[in-house]
Amino acid sequence: MSTSYLISASYTWGQFTPVFFLAGLAILLLLADAFLSRLSKQAFPLIAAIGCFLATCGMVTGPWKNPYGMLAAGSAALCLLLAFDYRTVVHASVAGGDREEGSGELSILMLLATAGVVALTRARDLIMLFVSLETITLSSYALAGYFRRNRGSVEAGVKYLVLGAVSTGILVMGIAWFFGTTGTFALTTRFEQAALSNPYLCIGFLLSLALLFVGIFFKAGAVPMHTWIPDVYQGSPTPVSAFLAVVSKLAGFAALVLLTLPLAEMHRISAGMLKPVMFALSIVTIATLLVGNLGAIPQQNIKRLLGYSSIGQAGFILVFFTGLRSSLRVDTLFYLLAYGLATLPLFFVIGQLRMQRGNETISIFRGLGKTNPRIAFLTAVCLASLAGVPLTAGFLAKLTSFRSALMSTMPGAPITSALMVVMVICATAGFYYYFKVLRVMYWEEPPEDDLKVHFSALSTGVLSLCVLGILVLGVCPMLF
Amino acid sequence: MTPLSHYLIFSGVLFSIGLTGAIIRRNILVVFMCLELMLTAANVALVGFSRAQGLEGVPVYDAQVMVLFIMAIAAAEVAVGLALIVAMFRARRGVESSSLTSLKD
C-alpha cells in the first residue's frame with residue numbers, strides 16, 4: 001500500500017507549462033478587465049484566441065507534445081473567435097444596448113476551462129482527473145448561464161448545474177471506492193488487476209468503475225447522463241454551445257481514454273476478466289447511438305438538432321471503447337478531430353444567421369443556396385462530413401468506428417451483432433437529419449424579400465479553413 | 001474500534017438519500033443541498049478507507065488530501081450554483097424546477 005506514494009509523484013512542473021500559460025493569461029485578462037477600463041471588451045476574445053492558438057502551437061512537438069491538448073486548445077481558439085464574431089449579441093444580452101461592461105469574463109471563463117482540459121489530458125491519477133474535470137465543469141456552469149437576463153440561458157445554466165453536480169457526486173463516490181479497492185489513486189494496470197482478481201474486492205472495484213464511467217459520461221454525453229445536452233445547447237449563448245459541443249466533449253473522451261487504457265492493457269494480458277465491463281459498455285453504446293440519432297430526426301431547432309447529433313456522434317466514438325483495444329487512443333482522437341472540424345464551422349454559420357434572421361429554427365437556412373451560394377456549399381460539406389459521405393474526414397472516422405466494431409474481441413456474441421445492426425440504422429438516420437438542413441438550403445424557395453446574409457471575413461475564413469481540413473483529411477488521411 | 005463496514009453503510013445511506021432527493025425534490029435549493037450530501041457521503045467513505053488502508057494506526061494520507069480537494073471544489077460549486085439560482089429567482093420569481101420549461105422543441 002505504501003507504494004502509492006511513489007506512483008502519485010510522477011508529475012513534473014514542465015509538462016504543465018501550457019496549462020500555466022493559459023491560466024496565467026486568464027488571470028491577466030481578469031486584472032485587465034477590472035483595472036484597464038479603457039481597453040475595449042472586443043479585444044478580450046481576440047487576445048484569448050491568440051493565447052489558445054500559441055498554446056496549440058506549443059503542444060505540436062517537443063517537451064509539451066500533447067495531441068489531445070492541441071486539439072482542445074485549437075478548438076477553444078475557434079470558439080473564442082466565434083465569441084468575437086458574435087460580440088454584438090453578447091454586449092446586448094449582458095449589459096443591454098451597446099454597452100460593453102461585463103462581457104469580458106466570457107473569454108476568461110473559456111480560457112480557464114481550456115486550461116482545465118489541457119491539464120486533464122496530462123492526468124495520470126484520479127485526483128488530477130477530478131480537479132481538472134471540475135475546473136471545466138465549474139467554468140461551464142457560469143458560461144451556460146452567462147446571459148443572465150435571458151430566460152433560456154439561465155434555465156440552461158440551472159439545468160446544467162443540477163445534472164453536472166449529480167454527476168460530480170457519482171464520480172467522487174467512484175473515486176472513493178476506487179481508492180478503497182486498489183489502495184491508490186493512480187490509474188495503473190497492476191493495482192487494478194490485483195483488485196479485480198481478489199474475490200473480496202472484485203465487486204467493489206467493478207462498482208467503482210461503473211460510478212466513474214457514469215460520472216464521466218456526463219461530459220462525453222453518453223446515455224445515462226445525456227439528458228442535459230439538447231436543453232443546454234439550445235439555451236446557452238452560441239459560442240458557449242460550440243464550446244460545450246467540441247471542447248467539453250473532448251475533455252470527456254480524454255478522461256474516458258485515461259480510464260480505459262489500463263483496462264485495455266489488462267484485457268491484453270488476460271482476456272476474459274473484463275467481460276462484464278465490455279458488455280456494459282456495449283449496452284451504453286447502443287443506447288447512446290439510438291437516443292442521439294433517432295432523437296435528432298424530429299428536431300426543428302438547429303442547436304437542439306446539433307445537440308442530438310453530438311450524442312449520436314458520441315455513440316460512434318464509444319464503439320472504440322467497447323473492444324478495449326489499445327488503438328482506441330488514436331481512433332478517438334481522429335474521430336474527435338473530424339467531428340470538431342465539421343461542428344465548429346456550423347456554429348459560426350448559426351451565429352450569423354441567428355443574428356440576421358432572428359430565430360434558431362432550421363428554416364433560417366432557407367434559400368441560402370441562392371442568396372449565399374459559397375457559404376451554402378461550405379455548410380453542405382460540413383453536414384456531409386457529419387453524415388459520413390465519402391471523401392470527407394467524417395466518412396473515414398465512421399469507417400474506423402465500423403471496423404473497430406467488426407474487429408471486436410467478442411466476435412459472434414449477440415451483443416456485437418446487435419451493435420453492428422444499430423450502427424447501420426443510426427448512420428442511415430444521420431443522412432436523413434443532416435440532409436434535412438441541406439434540403440432547406442437548396443430546395444426551399446426563399447420569400448421574395450429575403451436579403452443576402454452578410455458573413456464577416458472572419459467566419460468565411462474559418463469556414464473555408466475547416467472545410468479544407470475536412471477534405472484534405474478525407475482524401476489523404478496519412479497526413480493525420 | 002468501529003469496523004470499516006459501519007462507515008461504508010453510513011456513507012451509502014447518505015449517498016442514497018442525496019441521490020433520491022436530487023431526483024424527486026422540486027425546489028432547486030433542496031436539490032442543491034442533496035447534491036452536497038452526495039459529496040459528503042463520498043468524503044465519509046474516503047476517510048474510512050484511508051484509516052482501513054493504513055498500517056499500524058497511520059492512515060494513508062492520499063485519501064484525506066483528496067477529501068480536502070473535494071471540499072474546496074464543493075465550496076466553489078456552491079458559489080457558482082447559488083449565483084445561478086439567484087439569477088433564476090430574478091428571472092422567474094421562483095426556484096421550482098417545474099417552472100423550467102422554456103427550452104423545448
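The figures that follow rest on heavy atoms only: side chains count, while hydrogens, waters and symmetry mates do not. Below, chains carry the letters A, B, ... as their sequence lines are ordered, and counting in each starts from 1.
Taken to the nearest 0.5 Å, the CG atom of L211(A) stands 6.0 Å off from the CZ atom of F15(B). Distance check, rounded to the nearest 0.5 Å: CD of Q53(B) to OG1 of T184(A) gives 9.5 Å.
With a threshold of 4.5 angstrom between heavy atoms, L46(B) approaches chain A through its backbone and through its side chain. Contacts between E155(A) and chain B at a heavy-atom distance below 4.5 Å involve backbone atoms as well as side-chain atoms. Both the backbone and the side chain of A87(B) come within less than 4.5 Å of a heavy atom in chain A. Looking at L37(B), there are no atoms closer than 4.5 Å to chain A (heavy atoms on both sides), in backbone or side chain. Contact annotation for I170(A): both backbone and side-chain heavy atoms come within less than 4.5 Å of a heavy atom of chain B. Proximity to chain A involves both the backbone and the side chain of L84(B), based on heavy atoms less than 4.5 angstrom apart. With a threshold of 4.5 angstrom between heavy atoms, A144(A) does not approach chain B through any atom at all.
For the pair I73(B) and V131(A), the minimum side-chain heavy-atom distance is below 4.5 Å. Under the 4.5 Å side-chain criterion, counting only non-hydrogen atoms from C-beta, M66(B) is in contact with F130(A). Residues W177(A) and L8(B) have side chains in contact (heavy-atom distance under 4.5 Å, counting atoms from C-beta outward). For the pair R92(B)/R151(A), a side-chain contact is recorded, criterion being any heavy-atom separation below 4.5 Å from C-beta on. Considering only heavy atoms from C-beta on, V60(B) comes within 4.5 Å of F179(A) through its side chain.
The greatest number of non-hydrogen atom pairs below 4.5 Å with chain B, out of A165(A), G235(A), P230(A), is found for A165(A). The candidate from G48(B), A91(B), G81(B), G54(B) with the greatest count of non-hydrogen atom pairs under 4.5 Å with chain A is G81(B). Your options are A45(B), A63(B), A22(B), G18(B), and the one with the most heavy-atom pairs under 4.5 Å with chain A is A63(B).
For CZ of F16(A), the number of neighbouring non-hydrogen atoms (other residues, nucleotides, ligands) closer than 6.0 Å is greater than 12. Within a 6.0 Å radius of CZ in R122(A), more than 12 heavy atoms belonging to other residues, nucleotides or ligands are found. Heavy atoms from other residues, nucleotides or ligands lying under 6.0 Å from CD1 of I203(A) number 12 at most.
Only one option out of V158(A), D231(A), V162(A) pairs with L100(B) in a side chain to side chain contact (heavy atoms under 4.5 Å, CB included); it is V158(A).
The minimum heavy-atom distance linking S11(B) with M173(A) is given by the pair OG-CE, 3.1 Å.
Not one N or O on the side chain of E77(B) forms a donor-acceptor pair closer than 3.5 Å with the backbone of T137(A).
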